[in-house]
Amino acid sequence: MKLEQITEPLLSWYEKNKRDLPWRREPTPYHVWVSEIMLQQTRVEAVKDYYRRFLAELPGTRDLAACPENKLLKLWEGLGYYNRVKNMQKAAKEIVEEYGGNIPPDYEKILALPGIGSYTAGAVSSIAFGLKKPAVDGNVLRVISRITENGEDILKQSVKRRVEQELEAVMPEDRPGAFNQSLMELGATVCIPNGMAKCDVCPVRHLCSARAHGTVLDYPKKAAKKQRRIEEKTVLLIQNGQEYAICKRPDKGLLAGLYEFPNMEGWLTQEEVLKAVEELKLMPLHIRAAGEAKHIFSHVEWHMKGYVVKVASTEEKKAGSLLFINKKESKGKYPIPSAFSAYRKYIEED
DNA sequence: AAGACGGGGTA
DNA sequence: TACCCAGTCTT
C-alpha cells in the first residue's frame, strides 16, 4: 500500500465530516496556537470552555504576554499541565520582543518557542500558515499504525520521527492543514482508542492492513507503563472565623505556583496536627476530622486525610507563609488544583 | 531513553 | 481499575 493513497479519501471525508470547533471558526495564528497548547494531552470537550474564556480575557499575544501569573493560572485552573500556560506566556513575550507581536510564519522559529514541540509546530505551521509540515500526535500514530499494521512501540521517538517523515512526503502541497486535521479527526471520531473502531464508516478502510486482517484492536502497540507511587498526606483546613488558610506551592515541580491547603507528608494524629498548627504561630481552639480523599495523577497518587482546625483570631492576614482567604477570594482569585476539590468545599460552603 | 507533569472521560 | 487524551521538557 502506498501511503499517498490516503490523502484524497481523507480530505474528502474531512470536508464533509469535520466537527464545528471554536478554534476552527477563525483560525488565526494566535487562535490556533492557544488551542493546540490546550489540546496537548487534553480532550476536545474539556478544552472548549477554557478556550472561549481564555480568548475573552486574553484576545491577543500582547495580552497574554502582559497577564499577571495568578490570573493566568486561574484561567488554566483544572486543565492540568500548568507548565503549558507558563511556557506559552514565555513564548508570547518572545514573540512581542523578537517578532513585533506576531507569530513568525516559519516552522523552525515556531519550533524554537517554549512549550512548542514538533507536533504543535507542525499544527500551527500547517493550519495557520499553510506550510507543508506534519502534525503527528497520538491520534495520527494510532491511525497510521493500524493502516500499516506496524507493531513497533509508538511511544518511541524513532517511530514518531519516521511517521513524520513519511507523512511529510505524501502531504498535499495545497491543503496541509486540512490533511493534518483529517488524520486527527479520523483518530478522534472513527479510528478511536480503547473501544470499537468504527471501520464501517472509515474513508480509508479499503487501504487499512489491520482492517483486512481483523487486527485493528491489536494496534497501536505501546510499552507498558510503570506503576504509580503512593503518597500519604495530611490536609489542614485552618479556620479563622469565616476565613481559611491557603499557601502557595513552590514554583517548580508538581502543581508549581498554584495554591493549596497547608498539608504535610504522612498521616498525622490529631495531637501531631495540633502541634504543627502551634508551630505555625497559631493557637488552635478546636479540631475535628474532615474526611479522606484520594487524587490520582499520572505518576503519583495522593491519599489524603483532612482536619478542620479552628484557631484563635489572628490580626494578620498573613501568618508566615499562610494566607487567610474567604469564600469569594477562593473562587475568583487563587488557583487551587482539583487535587484539593474534596476539601475546597469546606470554604465554598457556609 | 525514561521520567515528570493534571485531570477527566470511558470501557 | 486501567487506559488514553490534538505532548513537551528535563534528567
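In the text below, chain A, chain B and the rest are named by the order of the sequence lines, each starting its count at 1. Values below: all heavy atoms of this structure, side chains included; hydrogens, waters and symmetry mates excluded. Everything numeric in this text was worked out from a predicted model, so none of it was measured.
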Step by step, work out the ring-ring contact (aromatic ring centres under 6.0 Å, His included) result for A:Phe297 and A:Trp302. CA-CA 8 Å; A:Phe297 300 94; A:Trp302 282 359; 5.0 Å; yes
With DNA chain B as reference, determine whether A:Ser338 or A:Lys226 sits nearer its 5' end, using the nearest nucleotide of each. A:Lys226
For A:Arg228, which contact category applies under a 4.0 Å heavy-atom criterion: base, sugar-phosphate, or nothing? nothing
Earliest and latest nucleotide of DNA chain B, 5' to 3', sitting under 4.0 Å from a non-hydrogen atom of chain A? B:dA1 to B:dA11
Taking the P atom in each of B:dC5 and C:dA6, what is the distance between them to the nearest angstrom? 23 Å
How would you label the contact of A:Ser298 with the nucleic acid (heavy atoms, under 4.0 Å): base, sugar-phosphate, or nothing? base
Return the minimal non-hydrogen interatomic distance between A:Pro22 and A:Arg52, and the atom names on each side. CG-NH1, 3.5 Å
When you measure from the side-chain N and O atoms of A:Gln41 to the phosphate of C:dC5, is any distance below 4.0 Å, counting only OP1 and OP2? no
Quick one: label A:Leu111 by what it contacts on the DNA or RNA (base, sugar-phosphate, nothing), any heavy atom closer than 4.0 Å. nothing
Kindly point out which of C:dT8, C:dA6, C:dC5 is positioned nearest to the side chain of A:Ser118? C:dT8
Name the nucleic acid region contacted by A:Tyr81, choosing base, sugar-phosphate or nothing; use a 4.0 angstrom heavy-atom cut-off, strictly under. base
Have a look at A:Leu255 and say if it touches a base, only the backbone sugar-phosphate, or nothing, with a 4.0 Å heavy-atom cut-off. sugar-phosphate
Which pair of heavy atoms, one from A:Gln181 and one from A:Arg24, lies closest together, and at what distance? OE1-NE, 3.1 Å
Quick check: closest heavy atoms across A:Leu58 and A:Leu72, and the distance to 0.1 Å? CD1-CD1, 3.9 Å
Option from A:Lys160, A:Arg161, A:Lys222, A:Arg162 for which salt bridge (charged side-chain N to carboxylate O under 4.0 Å, His left out) with A:Glu152 holds: A:Arg162
Rounded to the nearest angstrom, tell me the gap between atom CZ in A:Arg43 and atom P in C:dA6. 6 Å
For C:dT1 and A:Lys294 - does any side-chain N or O of the residue sit under 4.0 Å from the phosphate oxygens OP1/OP2? yes
Over how many whole Å does the gap from A:Ile154 atom CD1 to C:dC3 atom P extend? 13 Å
Spacing of A:Trp267 atom CH2 and A:Lys305 atom NZ [to the nearest 0.5 Å]: 4.5 Å
Taking CD1 from A:Ile192 and C1' from C:dC4, how many angstroms apart are they, rounded to a whole number? 12 Å
Heavy atoms only, 4.0 Å cut-off, all strands: where does A:Glu185 land among base, sugar-phosphate and nothing? base
Calculate the interatomic distance between A:Gln40 atom CD and C:dC5 atom P; express it in whole Å. 14 Å
Indicate whether any N or O donor in one side chain lies under 3.5 Å from an N or O acceptor in the other, for A:Gln40 and A:Tyr119. no
Assign each of A:Gly138 and A:Pro193 to its nearest nucleotide of DNA chain C by heavy atoms, then name whichever residue's nucleotide is nearer the 5' end. A:Pro193
Please report, rounded to the nearest Å, how far the P atom of C:dG7 is from the CE atom of A:Met38. 15 Å
Need one value for A:Ala256: base, sugar-phosphate or nothing, where a base atom within 4.0 Å counts as base even if backbone is also close, heavy atoms only. nothing
Residue whose closest nucleotide on DNA chain B lies nearer the 5' end, A:Ile296 versus A:Asn194: A:Ile296
With heavy atoms under 4.0 Å as the rule, sort A:Arg24 into base, sugar-phosphate or nothing. base
How many Å lie between CE on A:Met88 and P on C:dA6, as a whole number? 18 Å
Select base, sugar-phosphate, or nothing to describe what A:Lys222 touches, counting heavy atoms under 4.0 Å on all strands. sugar-phosphate
Select base, sugar-phosphate, or nothing to describe what A:Gly253 touches, counting heavy atoms under 4.0 Å on all strands. sugar-phosphate
Distance in angstrom units between A:Trp76 CH2 and C:dG7 P, rounded: 13 Å
In whole angstroms, the gap separating C1' of C:dA6 from CH2 of A:Trp23 amounts to 9 Å
Between A:Cys247 and A:Ser321, which heavy-atom pair has the shortest distance, and what is it? CB-O, 3.6 Å
Nearest heavy atoms of A:Pro262 and A:Ile238, plus distance in Å: CG-CD1, 4.0 Å
Write down the distance separating the P atoms in C:dT11 and B:dG6, rounded off to the nearest Å. 15 Å
